[in-house]
Structure formats: structure tokens, C-alpha cells
Amino acid sequence: MSSVPATAERPALVKLALMPTDGEERTQMLSEGETFDIGGDVYQVEEIKHHRSWTVTLRLIP
């Protein structure tokens, strides 16, 4: 995983490596508010923070 801070031209981005149970790994670049599906569950990128390091908060969408 990696992350890129926001600029005046674009929002912060996070690159996630996703490994579903079927074993087919994929990567996705996502910004806050975007969603992705893995294993039949949908998650939303709730927040991307950059300080000394970076963190990303994901939320499971019911």
C-alpha cells in the first residue's frame, strides 16, 4: 500500500493491494469517498491522513 497527499489539483490518493479469497490480487488507487468490493463486501475510503506517516480509514458499507 502507498499514499499520495492531496494537492490543489487533486485529492489525496491511496493505493490498496486487495487479495480476495479467490486469490486473485488486484491493486486500486482510490480517493476519499470512493468504494471497492472485496469478497462480496463493499468498503468506502472514509479518510486519508498525512502527517509524519499516513493512515487510511476504511468503512464497511452494510
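Hydrogens, waters and symmetry mates play no part in the numbers below; they use all other heavy atoms, side chains included. Residue numbers count from 1 along this sequence. A quick note: this is a predicted structure, and the numbers were derived from the prediction, not measured.
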Going hydrophobic residue to hydrophobic residue with side-chain gaps under 4.5 angstrom, can you get from [X] over to [Y]?
| X | Y | value |
| --- | --- | --- |
| Val4 | Trp54 | no |
| Val45 | Leu60 | yes |
| Met29 | Met19 | no |

Could you tell me whether a side-chain N or O of Ser3 sits under 3.5 Å from a main-chain N or O of Leu13, the two making a donor and an acceptor? yes

Any donor-acceptor pair under 3.5 Å linking the side chain of Glu32 with the backbone of Glu47? no

Could you pull out the closest heavy-atom pair between [X] and [Y], with the gap in Å?
| X | Y | answer |
| --- | --- | --- |
| Pro5 | Arg10 | O-NH1, 2.8 Å |
| Pro20 | Arg26 | CG-NH1, 4.3 Å |
| Tyr43 | Ile38 | CE1-CG2, 3.6 Å |

So do Thr27 and Leu16 actually touch side chain to side chain, heavy atoms under 4.5 Å? no

Would you give the length of the straight line joining atom CG of Leu18 to atom CD of Glu24, rounded to the nearest 0.5 angstrom? 12.5 Å

Per the side-chain contact (heavy atoms from CB on, under 4.5 Å) rule, which among Thr55, Leu58, Ile48 passes with Val14? Ile48

